[in-house]
Every structure is written in C-alpha cells, then in structure tokens.
2 protein chains.
Amino acid sequence: MAEEAVRWLTAEEQHAWRSFVRLHERLGGRLSRLLQAESKLSAADYAVLVNLTDAPDGRQRFLDLARSVEWEKSRMSHHIARMAKRGLVAREECPEDGRGAFVVITEEGRAAIEAAAPLHVEAVRSLFLDHVTPAELRTLARVADRVVEHLDEEPA
Amino acid sequence: MAEEAVRWLTAEEQHAWRSFVRLHERLGGRLSRLLQAESKLSAADYAVLVNLTDAPDGRQRFLDLARSVEWEKSRMSHHIARMAKRGLVAREECPEDGRGAFVVITEEGRAAIEAAAPLHVEAVRSLFLDHVTPAELRTLARVADRVVEHLDEEPA
DNA sequence: CCCATGTGATTGATGCGTCATCCAAATTAC
DNA sequence: GTAATTTGGATGACGCATCAATCACATGGG
C-alpha cells in the first residue's frame, strides 16, 4: 500500500484558482441580480429566450433547445414549466413526432428579452469587458476553450 | 426621447464571454460532481471544512466563517444546519456574547475533509491547472483580481 | 405482427441559495 | 436607567438544479 505523495497547490496556484472561482461567483451573482432587478428575468430565463429569439419563428424543439443552452432535459423541462406559467413561453405539440414538443416564445417573452438585452449587455461591458484588455480577453477565451475541450474528451 | 445606441458585443467579445461562462459552469459542475461522488461532500461543504480546519481548535465564530467563505449569513445558517444534521460540524454557544455561536468541526468532519482534499486537489490539477501555462495562469489571476476589485468599488 | 430497445419529455424528491422577516442580546444615546 | 439602534443569528417561503424513476411514442428485428 504505497503512500501516494499529494502534490498540493503552490501559493500562486492556489491564489489563481481561488481568484478565478471568486470572479465567476461574484460577477455571475452581480449580473444575475442586476438582470432580475431590471427585467424580472433570471440568467436561465435570459439564455432560453435568447436562443428562442434566434430560432426561426421563435420556436424550437425541446431537446434542441436543451442542447443549445447545454442543460439536461430535466432541468429544461422544469424551467420551461415555470416560464410557461409566467407567460414567457408556450409549449406546442409536434405533429411529426407524437412525443415531441416545441417551445415557442410568446409576445410577452419577446418584450421581456428585448427590454432586458441592452441592459444586460451594458452590464457585461461595464462590469467585465471594460476592465480586460483585448489581449487578455483572447488569452481567457483560448484557455477556456482548451480546458473545456479536455473536459469533453475525458468524460466523468 | 433619445434612442440610446446599444453597443452590442463583437463576435470576439461574445465568444470570449460565452467561453468564459461555459468554462466555469462545466468545470465547476465536474469538480463538484467528482467531489460528491468520491467524498459525499459538496463544494460548499468543502469550503466550510477547509476554513474550519485552518482555524485554531477547528472552531470559528459564525459570522467570521461566513466572511471567510464570502457567503451571506443566511446561507451559512442554512448550510451549517444541514452539515450539523449530517454530523460534519457542531454548533457551540459563545460565552462572551450571548447571541453568538461557534461552529466546530467534528471528528467525522475532519475525517471527511482529510479524505477529500487530496482527491480534490488532484482533480483541480488534472482538469484545469495541467492545461494552463504559468503565464496564462498569472494573466487569469491578474484579470480576476482586477475585475473583482472594480466589482467591490462599484456596489450594486 | 409483436417484442425489444431507444428516444423525447414529464414528474417527484431532495438539497441548495436568496430574500424578507424576525428575534434576542449587545451597544449607544439620552 | 431606559429607550433606540445595531449586531449575531435563525427561520420560512420560494425558485432553482440534480437525480432517479416513469411514461408515451417510435423504430428496428424476428
């Protein structure tokens, strides 16, 4: 039974990792609270509505939508149920597949996202992009894509 | 009534922003699922236990603990209640402040964190740090600290 | 034609995070 | 010394995310 030596994080690594985690928590929290306060939409609502807006006729198959926002179907199902109750989207049956369903954005949903989007974009700018140089932003994107790629290759 | 021109994100900005968000969601999700599977601890549990372990006698005042992990007191209260029910920590009354409370790590909690830590550190390495160069890591940390600093200055 | 398997989606249970409210003890003001 | 305020913390309600189980329809094989 060999004692495996644990390679703990150096002070620098630890700081970087904690800072990175903190950044997302704080920035994400702030942005979603802003969105909620200004538009009565959660970040999840926003993601769904943006996707529907980009789709032809503002309608999309259930699982396609789930894949677009990278959610499990269960989460999507619960969330769409709540959004439907609030009148932001509606469910529609699918003619060519008896078990399928479409999700359609409503007038109300469209109004909500159109009101929210400019404010949200402005918030992303003023809270994040404004404080990052273009070079840094490229580095961030490059690192993010690389790490996610490895995540995909190496399944759970 | 002036039409304010919305400064939408460029394709590059949008990509960087989405990649960044995706990185945290995916990496965070993966790490916490690993932690849960290997150690029956959530990321939140882990943070609490690490802090308690670092404190003298494994005990800390309630709000100090909350500040350390950067949570609201309400969240801490709920979470400590759940952790106490699982036997990971215990509450203790505070002699010199009648309303105060200490949170103390239990034997069970200590065992849990000591088992979890090496695995978690290894996961952070293999899923993240291994794919980031030291220079990139420094950039990340620098950007994160800068953005959070601005976040702090500019309250909600 | 019928069975097996796969796929699209729902449901219920449970734990988590936030908000608003509340309470008791401590501190300050008068 | 007592009233007002602040501080430490708990509580309940609600929305959200995950997991496991379920159900209905579809499709391929025999």
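Convention: sequence-line order gives letters A, B, ...; per-chain numbering from 1. Just so we're clear, the structure is a prediction, and the values are computed from it rather than from any experiment. Scope of the values below: all heavy atoms of this structure, side chains included, with no hydrogens, waters or symmetry mates.
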Atom CE of Met76(A) and atom C1' of dG15(D): how far apart are they, to the nearest Å?
-> 17 Å
Taking NZ, NE, NH1 and NH2 as the nitrogens, is one of them in Glu13(B) or Arg7(B) under 4.0 Å from a carboxylate oxygen of the other?
-> no
How close or far is atom P of dT18(D) from atom NE2 of His79(A), stated in whole angstroms?
-> 12 Å
Among residues 83-98 of chain B, which contact DNA chain C at a heavy-atom distance under 4.0 Å?
-> Asp97(B), Gly98(B)
DNA chain D: Ser74(B) or His78(A), which has the more 5' nearest nucleotide?
-> Ser74(B)
Given atom CZ of Phe62(A) and atom P of dA24(D), what is their separation to the nearest angstrom?
-> 18 Å
Nearest-nucleotide pick for Arg99(B), side chain only, options being dT18(D), dG8(D), dA10(D) = dG8(D)
Pick one: which of Arg86(B), Arg82(B), Lys40(B) meets salt bridge (charged side-chain N to carboxylate O under 4.0 Å, His left out) with Asp45(B)?
-> Arg86(B)
When you list every nucleotide of DNA chain C with an atom under 4.0 Å from a heavy atom of chain B, which one comes first 5' to 3', and which comes last?
-> dC16(C) to dA26(C)
Using the C1' atoms of five pairs at each end, what's the angle between the two axes of the helix from dC1(C)-dG30(D) to dC30(C)-dG1(D), to 10 degrees?
-> 0°
Main-chain N/O of Lys73(B) paired with Ser77(B) side-chain donor or acceptor, under 3.5 Å = no
For the side chain of Lys73(B), counting heavy atoms from C-beta on, which of dA10(D), dG9(D), dA17(D) is nearest?
-> dG9(D)
side-chain contact (heavy atoms from CB on, under 4.5 Å) between Val104(B) and Asp57(B), intermediate numbers included | CA-CA 8 Å; Val104(B) 197; Asp57(B) 290 333; over 6 Å; no
May I ask you to check whether over 12 heavy atoms, not counting those of Glu93(B), lie within 6.0 Å of atom CD?
-> no
Atom NZ of Lys40(A) and atom P of dG15(D) are separated, to the nearest Å, by 13 Å
Could you give the CG-to-P distance, from Leu35(A) to dC16(D), as a whole number of Å?
-> 12 Å
Between Ser19(A) and Ala144(B), is there a donor-acceptor pair closer than 3.5 Å when you use the side chain of the first and the backbone of the second?
-> no
With no hydrogens and no angle check, is any side-chain donor or acceptor of Arg146(A) less than 3.5 Å from a backbone partner on His131(B)?
-> yes
Can you tell me if His78(B) and Arg75(B) form a side-chain donor-acceptor pair at under 3.5 Å?
-> no
Start with the C-alpha gap between Thr139(B) and Val143(A), add the side-chain angles, then the distance that decides, and say whether side-chain contact (heavy atoms from CB on, under 4.5 Å) holds.
-> CA-CA 10 Å; Thr139(B) 298; Val143(A) 170; over 6 Å; no
Which atoms form the tightest heavy-atom contact between Arg61(A) and Gly100(A), and what is the distance?
-> NH2-CA, 3.4 Å
Find the distance Asp45(A):CG to dG15(D):C1' and express it as a whole number of Å.
-> 10 Å
Using a heavy-atom cut-off of under 4.0 Å over every strand shown, decide if Arg61(B) touches base, sugar-phosphate, or nothing.
-> sugar-phosphate
Whole-Å distance between dC19(D) P and Trp71(A) CH2?
-> 16 Å
Does any N or O in the side chain of Thr106(A) come within less than 3.5 Å of the main-chain N or O of Gly87(A), such that one atom is a donor and the other an acceptor?
-> yes
Identify whether the distance between the nearest side-chain nitrogen and carboxylate oxygen of Glu154(B) and Arg30(A) falls below 4.0 Å.
-> no
Nearest-angstrom distance from the residue atom CD of Glu72(B) to C1' of dA10(D) | 14 Å
